[in-house]
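Inspection log for the structure reproduced underneath, given as structure tokens.
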Number of protein chains: 2
Amino acid sequence: MSLKFAILGLLDEEPHYGYEIKQKFEQMMGSLWPISYGQLYPTLRKLAEEKLVTMQTVQGKKAVEKNVYSITNSGRERFLRWLGKKDKKDQLSIKDEFTLSLFFLHRLEKQQAVELLRLKAEDVKNRERTYSEEMRSHGPIYKKLLTRKMLLYIQAEQAWLQEVMVEINIDCPEA
Amino acid sequence: MSLKFAILGLLDEEPHYGYEIKQKFEQMMGSLWPISYGQLYPTLRKLAEEKLVTMQTVQGKKAVEKNVYSITNSGRERFLRWLGKKDKKDQLSIKDEFTLSLFFLHRLEKQQAVELLRLKAEDVKNRERTYSEEMRSHGPIYKKLLTRKMLLYIQAEQAWLQEVMVEINIDCPEA
DNA sequence: CACAACATGTAAGATGTTACATGATTGA
DNA sequence: TCAATCATGTAACATCTTACATGTTGTG
């Protein structure tokens, strides 16, 4: 679970409460890595159980209570050990529905298969435009590198789709 | 769950038993999408519960029993509906540990950070070589396209890593 | 005979999403 | 006053991995 380390990393800078962690994290990731409360709060509880963070309830405005989490020495140590680890998990994979469906595309009418590819290419093109524009906006260097990574991946997918379309048309020519 | 549809797609060609499905699927995917029995058998059970497949136990050699699954009309209909669907989920994401750790790299000694990047680049280069070689081997067109996709993604990551290394060195120059 | 490959499963846990449930505060 | 945002959580479900548990068959 990398969220665990993301939280530890944020708390290593300063204490935060849950709602704030979600905001900061997603802002940092530029919406490329959204997290849900259904994942966040249980994770915070587990971190507290493992004594990697401590929780303190503080009064906010009037009747509002916030649960502020701080990293412990043990947590900081754990975070740095993770950060320095050389064999981090790489999630680069192609286990998506579209790629899978390629293997069965020949069971559709040629016309429908071509249409699906066309729509996919259009979708990828739109995402390419979105991230290209985002690259032109200003922001912290790390967020920019993240956007750049996404853009490079999308362009790779775009190039691949072109190759797929050529192959599909060669494989089952129109006339 | 795309595995569900992968199974239906395989069974749409001909009946198979569990062990065989795993073999065929992984062979089809060229080891880029391994599946475990802990996932396969429960999924087959669920498909049977949903009446998308039927199971029949047949005698193999001597005392060996095989559970052969066949697709039902309902299952075939479900599969084709999925195959023709225009808005398939796209899993392209960058939620991996290495990317996350980039945001915290400045908390390591510069030397250690650079070493981590170097190791990562080396790892990516090795994977690039592996898939490049795989591209030169012969095989079915769809498997080839899959390998090609992986190769393009890896090359995108490689290019990105180069950019990251430049930025990191500019950001915190050695001397 | 031993070991690889064949064959089927379960149990526990990691990781994540979606929907539900509650209530306070702020600004239009 | 009404809606958006702030704030915290739970429950159910979906997906997937790892380890466990069992037994057969073919090959050297």
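A note on names: the letters A, B, ... follow the listed sequences, proteins ahead of strands, and every chain is numbered from 1.
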Between A/Lys51 and A/Asn73, a side-chain donor and acceptor under 3.5 Å: no

Hey, are A/Lys22 and A/Glu26 close enough for a salt bridge, meaning a charged N less than 4.0 Å from a carboxylate O? yes

Going by number, which of residues 6-25 of chain B have a non-hydrogen atom under 4.0 Å from DNA chain C? B/Tyr17, B/Gly18, B/Tyr19, B/Gln23

Between D/dT15 atom C1' and A/Asp96 atom CG, what is the distance in whole Å? 15 Å

Separation of B/Leu3 atom CG from D/dT15 atom P, in whole Å? 9 Å

Starting at CD of B/Gln27 and ending at C1' of C/dA5, how long is that distance when rounded to a whole Å? 15 Å

Kindly list each side-chain donor-acceptor pair under 3.5 angstrom involving residues 77-88 of chain A, sequence neighbours excluded, with atom names and distances?
unit_1, atom_1, unit_2, atom_2, d
A/Glu77, OE2, A/Arg81, NH1, 3.3
A/Trp82, NE1, B/Glu97, OE1, 3.2
A/Lys88, NZ, A/Leu83, O, 3.0
A/Lys88, NZ, A/Lys85, O, 3.1

Taking only Lys NZ, Arg NE, NH1 and NH2, and the carboxylate oxygens of Asp or Glu, determine whether B/Glu122 and B/Arg118 approach each other closer than 4.0 Å. yes

Salt bridge check: are B/Glu115 and B/Lys110 linked by an N-O gap of less than 4.0 Å? no

d(CG, B/Leu40; P, C/dC6) in whole Å: 15 Å

Value in whole Å for how far the P atom of D/dA7 lies from CE of A/Met55: 15 Å

Would you kindly give the CD-to-C1' distance between B/Gln56 and C/dA7, to the nearest whole Å? 17 Å

Over all strands shown, is B/Phe5 touching base, sugar-phosphate only, or nothing at heavy-atom distances under 4.0 angstrom? nothing

Looking only at D/dT25, C/dG9, C/dT25, the nucleotide nearest the A/Val64 side chain is C/dT25

When you compare the protein's N or O atoms with those of nucleotides 18-22 of chain C, which come within less than 3.5 Å of each other, and at what distance?
none

Within residues 38-47 of chain B or reaching into it, pairs that qualify as side-chain hydrogen bond (donor to acceptor under 3.5 Å, both in side chains) - sequence neighbours excluded: B/Arg45-B/Glu49

Whole angstroms only, please: what is the CG-C1' distance between B/Leu44 and C/dT8? 11 Å

If you find the nucleotide of DNA chain C closest to B/Pro42 and the one closest to A/Pro34, which residue's nucleotide is nearer the 5' end? B/Pro42

Going by salt bridge (charged side-chain N to carboxylate O under 4.0 Å, His left out), name the pairs with one or both residues in residues 28-38 of chain A, residues two or more places apart or in two chains. none

Can you sort out the partners of B/Trp33 under ring-ring contact (aromatic ring centres under 6.0 Å, His included), two or more places apart, ordered by chain and number? B/Phe25

Kindly assign one of parallel, tilted or perpendicular to the pair A/Phe98 and A/Trp160, based on the angle between their ring planes and the thresholds 30° and 60°. perpendicular

To the nearest angstrom, the CD-P distance between B/Gln91 and C/dT15 comes to 17 Å

